[in-house]
Amino acid sequence: MKDTPPPNAPQAVQELIDRMEAVQGGLDPRDGVACFNRMYLSVTRLLGGSLAEGFFADDAFTERLAVVFAGLYFDAVDADLAGIRPHPVWTPVFGGRGDRRVWPAQFALAGMNAHIAHDLALAVVATCEERKRSPYVRSVHADYLKVNELLERVEAEIREAYEPPLLRLATKDAEALEHILSTFSVARARDAAWATALTLWAQRDDPILRRATLSMVSAAVVMIGRLLVTPIVPPPG
C-alpha cells in the first residue's frame, strides 16, 4: 500500500461512490471488472446510507477504513489503466475480464475474494496505525462485524440473480457452476481477513514474518480466485 495517497484520491464514502460510478461508466457491462465494480458500488452505497443513519459505533473510523480499503482496489484499476499488471490476487478478475464464458456472479465473487481475503487485512492494519487504534479495541471489531450485514445482503442479491438462469441449464452444468460459486462466502472470508489482520498487527515490526504471511495469503487467494472464474457454460444473453 502507498505511504502517500495519489492526488485527488477519494477521502470520503461519497467520493468512493463517485469514483466507482466513473469506473462503471467506462466499461462494458459484461466486463469482468465491471461485474465486480457494480457489486462494490452497491455495497458502498449501502455503507454510505448506514453511516448517515448512525449504524456504527465509530463512524469516522469506519469511513476511513472504507476509504483505505477501496484505495487498494483503485490501485489495481489504476495499474491496469497504466498498462501495469495489478497485484497477483487480482489476476483472475483483470486477466479473465473478457472471457464471455464466465458468469457475472463469478467475476463479482472473485473480486470479493481478492479484495476481502487479501486487501482487507492490510486496510485494517493501515487504518489502525494511522488512527493510533488497536484492532483489539471493542468498537473496531464490532463495527467490522456490522459491515458483514451489508455485504451479506449484497451477496444474497448476487446469488438470487443467477439462480433463475441456473435452473435452465443442464443438470451437470448447473451443479458444476453452483459448486464453484459456493466455494466463496463473505462471512468466512471476512473472518479469515480479521485473523490475518491480527497476525499482521503482531508482525508490524517484523517485515520478514509479515512478507511470509502475505505470501501465503496471496497464494491461497489466487488459487480460489482462479477456481471462481473457471468457465463452465456461457451465461444466457
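- Partners of Glu15 by salt bridge (Lys or Arg N to Asp or Glu O under 4.0 Å), not counting sequence neighbours: none found.
- Linking ILVMFWY residues whenever their side-chain heavy atoms come closer than 4.5 Å, directly or via other members, places Leu145 and Val186 in the same cluster.
- Between atom CG of residue Leu214 and atom CG of residue Leu122 there is a gap of 5.5 Å, rounded to the nearest 0.5 Å.
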Please list, one pair per line, the donor and acceptor atoms closer than 3.5 Å that link side chains of residues 171-184 to other protein atoms, with sequence neighbours excluded.
unit_1	atom_1	unit_2	atom_2	d
Ser182	OG	Glu178	O	3.2
Ser182	OG	His179	O	2.8
Thr183	OG1	Ile180	O	2.6

Name the atoms and distances for all side-chain donor-acceptor pairs under 3.5 Å in residues 95-102, with sequence neighbours left out.
unit_1	atom_1	unit_2	atom_2	d
Arg97	NE	Asp31	OD1	3.2
Arg97	NE	Asp31	OD2	2.9
Arg97	NH1	Asp80	OD2	2.7
Arg97	NH2	Asp31	OD1	3.3
Arg97	NH2	Asp31	OD2	3.2
Asp99	OD1	Arg101	N	3.0
Asp99	OD1	Arg101	NE	3.0
Asp99	OD2	Arg101	NH2	2.8
Arg100	NH1	Arg30	O	3.4
Arg100	NH1	Arg97	O	3.4

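- Cluster membership check: Leu81 shares its hydrophobic cluster with Leu72, using side-chain heavy-atom separations under 4.5 Å among Ile, Leu, Val, Met, Phe, Trp and Tyr.
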Show your working on side-chain contact (heavy atoms from CB on, under 4.5 Å) between Ile17 and Tyr40 and close with a plain yes or no. CA-CA 9 Å; Ile17 292 171; Tyr40 200 0; over 6 Å; no

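- Side-chain atoms of Gln11 never come within 3.5 Å of backbone atoms of Val67 as a donor-acceptor pair (strictly under, hydrogens ignored).
- Within the 3.5 Å criterion, the main-chain N or O of Ala57 finds a donor-acceptor partner in the side chain of Asp143.
- Salt-bridge formation is not detected for the pair Glu21/Arg38: no Lys NZ or Arg NE/NH1/NH2 atom is positioned less than 4.0 Å from an Asp or Glu carboxylate oxygen.
- Residues forming a salt bridge (Lys or Arg N to Asp or Glu O under 4.0 Å) with Glu130 (at least two apart in sequence, or on another chain): Arg64.
- At least one donor-acceptor pair closer than 3.5 Å links the side chain of Thr230 to the backbone N or O of Leu227.
- Taking every heavy atom of both residues into account, Gly225 and Asn113 meet most closely at N-ND2, 3.4 Å.
- Atom CE of Met20 sits about 9.0 Å away from atom CE of Met39, to the nearest 0.5 Å.
- Inter-residue side-chain proximity for Phe36 and Leu109 is flagged as unmet; no heavy-atom pair is nearer than 4.5 Å.
- Of all heavy-atom pairs between Pro10 and Leu16, the closest is CB-CD2, 3.5 Å.
- Taking the side chain as every heavy atom from C-beta outward, Val77 and Phe94 approach each other to under 4.5 Å.
- Taking each heavy atom of Ala197 and Ala121 in turn, the nearest pair found is N-CB, 3.6 Å.
- Under the 4.5 angstrom side-chain criterion for Ile, Leu, Val, Met, Phe, Trp and Tyr, Ile208 has no cluster partners at all.
- Among residues at least two apart or in separate chains, there is no salt bridge (charged side-chain N to carboxylate O under 4.0 Å, His left out) pair with a member in residues 195-212.
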For the pair Trp103 and Cys35, evaluate side-chain contact (heavy atoms from CB on, under 4.5 Å) and give the outcome as yes or no after the intermediate values. CA-CA 9 Å; Trp103 287 44; Cys35 296; over 6 Å; no

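- Distance CG/Asn148 to CD/Glu155: 10.0 Å, rounded to 0.5 Å.
- Here the shortest heavy-atom pairing between Lys146 and Phe55 reads NZ-O, 2.7 Å.
- The two residues Ala66 and Val13 have their closest heavy-atom pair at CB-CG2, 4.4 Å.
- Linking Ile, Leu, Val, Met, Phe, Trp and Tyr residues whenever their side-chain heavy atoms come within less than 4.5 Å places Leu41 and Ile116 in a single cluster.
- Looking at heavy atoms from C-beta onward, Gln106 lies out of side-chain contact with Pro231 at the 4.5 angstrom threshold.
- For the pair Arg19 and Phe74, the cation-pi criterion (under 6.0 Å, within 45° of the ring axis) is fulfilled.
- Applying the ring pair (Phe, Tyr, Trp, His ring centres under 6.0 Å) definition to pairs two or more places apart or across chains, those involving residues 189-214 are His141-Trp194, Tyr144-Trp194.
- Grouping Ile, Leu, Val, Met, Phe, Trp and Tyr by side-chain contacts under 4.5 Å, direct or through others, leaves Met223 on its own.
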Thr62/Leu65 under side-chain contact (heavy atoms from CB on, under 4.5 Å): CA gap, chis, key distance, verdict: CA-CA 5 Å; Thr62 300; Leu65 175 56; 5.8 Å; no

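- Linking ILVMFWY residues whenever their side-chain heavy atoms come closer than 4.5 Å, directly or via other members, places Leu198 and Val147 in the same cluster.
- Counting only heavy atoms from C-beta outward, the side chains of Val137 and Val140 approach each other to under 4.5 Å.
- Between Leu150 and Ser50, the closest side-chain pair of non-hydrogen atoms falls below 4.5 Å.
- Residues Ile158 and Ala108 come closest through the heavy atom pair CD1-CB, 4.1 Å.
- If you take CG on Leu228 and CZ on Arg226, they are separated by 12.5 Å, rounding to the nearest 0.5 Å.
- With values rounded to the nearest 0.5 angstrom, Phe61 atom CZ is found 4.0 Å from Cys128 atom SG.
- Counting heavy atoms from C-beta outward, Ser185 and Arg190 have side chains that stay 4.5 Å or more apart.
- Each ring pair (Phe, Tyr, Trp, His ring centres under 6.0 Å) pair with one or both residues in residues 214-237, not counting sequence neighbours, would appear here, but there are none.
- Looking at Tyr73 and Val23, their side chains come closer than 4.5 Å, going by heavy atoms from C-beta outward.
- Taking the side chain to side chain contact (heavy atoms under 4.5 Å, CB included) definition, one finds that Val217 meets it with His118, Thr196, Thr213, Val221, sequence neighbours left out.
- Shown here are the salt bridge (Lys or Arg N to Asp or Glu O under 4.0 Å) partners of Glu63, two or more places apart in sequence or in another chain: there are none.
- Within the structure, no pair that satisfies the ring pair (Phe, Tyr, Trp, His ring centres under 6.0 Å) test touches residues 206-229, not counting sequence neighbours.
- Side-chain atoms of Leu120 and His115, non-hydrogen and from C-beta on, never get closer than 4.5 Å to each other.
- In the displayed structure, Arg133 atom CZ is contacted under 6.0 Å by more than 12 heavy atoms of other residues, nucleotides or ligands.
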